[in-house]
Amino acid sequence: MGKLEVMNFIELAKSRSSVRTYLSKKVEEDKISYMLDCARFAPSAVNSQPWTFIIVQEDENRQYLQACYDREWFKSAPLYILVCGDHSQSWHRKSDNKDHCDIDIAIAVDHLVLAATEQGLGTCWVCNFDTALCSKLFQLSNDMKPVVILAIGYSDGNYGEKIRKEMSEIVIRK
């Protein structure tokens, strides 16, 4: 594997895009391990780490996920990571019992996405899927809930325009 060019964080953040067309090239195991290690070091409320990452590459399990999210572009991704949260392990804020599981999952998935980008891979978060069917097909426990499917692979290079609001639209100073 060739040496990757190091980029600063703003370059990394700007280069990340939602990819919806993937090459058929398989994602190398060392890159998968690297992404998972980056996610493992993501912060979580009171260090609860309420996540589980299910690596989906085999055809039968890929078809399970494709049944949960039936979009043609989705089928082109060579790798999926199904990210699940265990609500019995997550921290709940005392004042209002807010469950931080989904927040912790989002932080870990963002680490996965940025690590994938750094490794030259494209990703797309999928949250609009049939979670009940997914739980059934992957035989998840009652506490373990599917939160995100992350499609991962080598992009074909077709990226849409990245539109972002101006700072003045998203920042309030007091």
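- Environment of NZ in K162: crowded, with over 12 heavy atoms of neighbouring residues, nucleotides or ligands closer than 6.0 Å.
- When all heavy atoms are compared, the tightest approach of P78 to K26 is CB-CA, 4.5 Å.
- By the rule that hydrophobic residues join a cluster once side-chain heavy atoms approach within less than 4.5 Å of another member, L65 and L133 end up as members of one cluster.
- Between K75 and D70 there is a salt bridge, since a side-chain N of the basic residue sits under 4.0 Å from a carboxylate O of the acidic one.
- Looking at K31 and L121, their side chains come closer than 4.5 Å, going by heavy atoms from C-beta outward.
- Shown here for C101 and G85, the closest heavy-atom pair between the two residues is SG-CA, 3.5 Å.
- Not a single salt bridge (charged side-chain N to carboxylate O under 4.0 Å, His left out) links D59 to another residue, sequence neighbours left out.
- No more than 12 heavy atoms of other residues, nucleotides or ligands shown are found within 6.0 angstrom of CG on N142.
- Contact check for E118 versus L12: side-chain heavy atoms found under the 4.5 Å cut-off.
- Side-chain atoms of S76 come within 3.5 Å of backbone N or O of Y22 as a donor-acceptor pair.
- Between V27 and G153, the shortest heavy-atom distance links the atoms CG2-CA, 3.9 Å.
- For the atom pair CD (E60) and CG (L137), the distance works out to 9.5 Å, reported to the nearest 0.5 Å.
- To the nearest 0.5 Å, atom NZ of residue K136 and atom CG of residue D130 are 10.0 Å apart.
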Test side chain to side chain donor-acceptor pair (under 3.5 Å) applied to D86 and S88, step by step: CA-CA 5 Å; D86 185 339; S88 70; 2.5 Å; yes

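- Within a 6.0 Å radius of CD in E169, more than 12 heavy atoms belonging to other residues, nucleotides or ligands are found.
- Using a 4.5 Å heavy-atom threshold, the side chains of D102 and H87 count as touching.
- The one candidate from Y64, F74, F129 that meets the ring pair (Phe, Tyr, Trp, His ring centres under 6.0 Å) condition with Y69 is F74.
- Remark: L36 CG to H111 NE2 distance equals 13.0 Å, nearest 0.5 Å.
- Counting all heavy atoms, side chain and backbone alike, A151 lies closest to A77 at CB-CB, 3.8 Å.
- Atom CD of E72 is separated from atom CD of Q66 by 9.0 Å, given to the nearest 0.5 angstrom.
- Although no hydrogens or angles enter the test, the distance criterion places no donor-acceptor pair under 3.5 Å between the side chain of D104 and the main chain of W51.
- Looking at residues two or more places apart in sequence or on another chain, you find a salt bridge (charged side-chain N to carboxylate O under 4.0 Å, His left out) between D37 and R40.
- Neither I103 nor V147 shares a network with the other; the hydrophobic side chains, linked directly or stepwise wherever heavy atoms of I, L, V, M, F, W or Y lie under 4.5 Å apart, form separate groups for each.
- Both L79 and V83 are members of a single hydrophobic cluster when ILVMFWY side chains are connected at heavy-atom separations under 4.5 Å.
- Between I55 and I81, some side-chain heavy-atom pair lies under the 4.5 Å cut-off.
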Start with the C-alpha distance between W125 and V113, add both sets of side-chain angles, then the distance that settles side-chain contact (heavy atoms from CB on, under 4.5 Å), and finish with yes or no. CA-CA 9 Å; W125 292 59; V113 164; 3.4 Å; yes

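- Of all the heavy atoms in L82 and C134, the pair that sits closest is CD2-SG, 3.6 Å.
- M144 is not listed as a side-chain neighbour of I54, based on a closest heavy-atom distance of 4.5 Å or more.
- Between Q89 atom CD and D143 atom CG the span is 8.5 Å, to the nearest 0.5 Å.
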Stepwise, does the side-chain contact (heavy atoms from CB on, under 4.5 Å) test hold for R16 with T123? CA-CA 8 Å; R16 189 249 140 232; T123 60; 4.2 Å; yes

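- Inspection of the Q57 and Y80 side chains reveals no N or O donor paired with an N or O acceptor under 3.5 Å.
- In this structure a side-chain-to-backbone donor-acceptor pair under 3.5 Å is present from S155 to G157.
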Taking it one step at a time, do V109 and I105 satisfy side-chain contact (heavy atoms from CB on, under 4.5 Å)? CA-CA 6 Å; V109 172; I105 296 294; 4.0 Å; yes

After noting the C-alpha distance and the side-chain angles of L150 and L112, does the key distance pass the side-chain contact (heavy atoms from CB on, under 4.5 Å) rule? CA-CA 9 Å; L150 191 61; L112 278 169; 3.9 Å; yes

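- Two residues are said to be in side-chain contact when any heavy atoms from C-beta on lie closer than 4.5 Å; L114 and C38 fail this criterion.
- Residues S24 and Y154 form no side-chain contact, since every pair of their non-hydrogen atoms from C-beta on lies 4.5 Å or further apart.
- Counting heavy atoms from C-beta outward, R71 and N128 have side chains that approach closer than 4.5 Å.
- Here the closest non-hydrogen pair linking V19 and T21 is CG1-O, 3.4 Å.
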Verdict with supporting geometry, Q49 and N47, side chain to side chain donor-acceptor pair (under 3.5 Å): CA-CA 6 Å; Q49 304 170 54; N47 199 29; 3.0 Å; yes

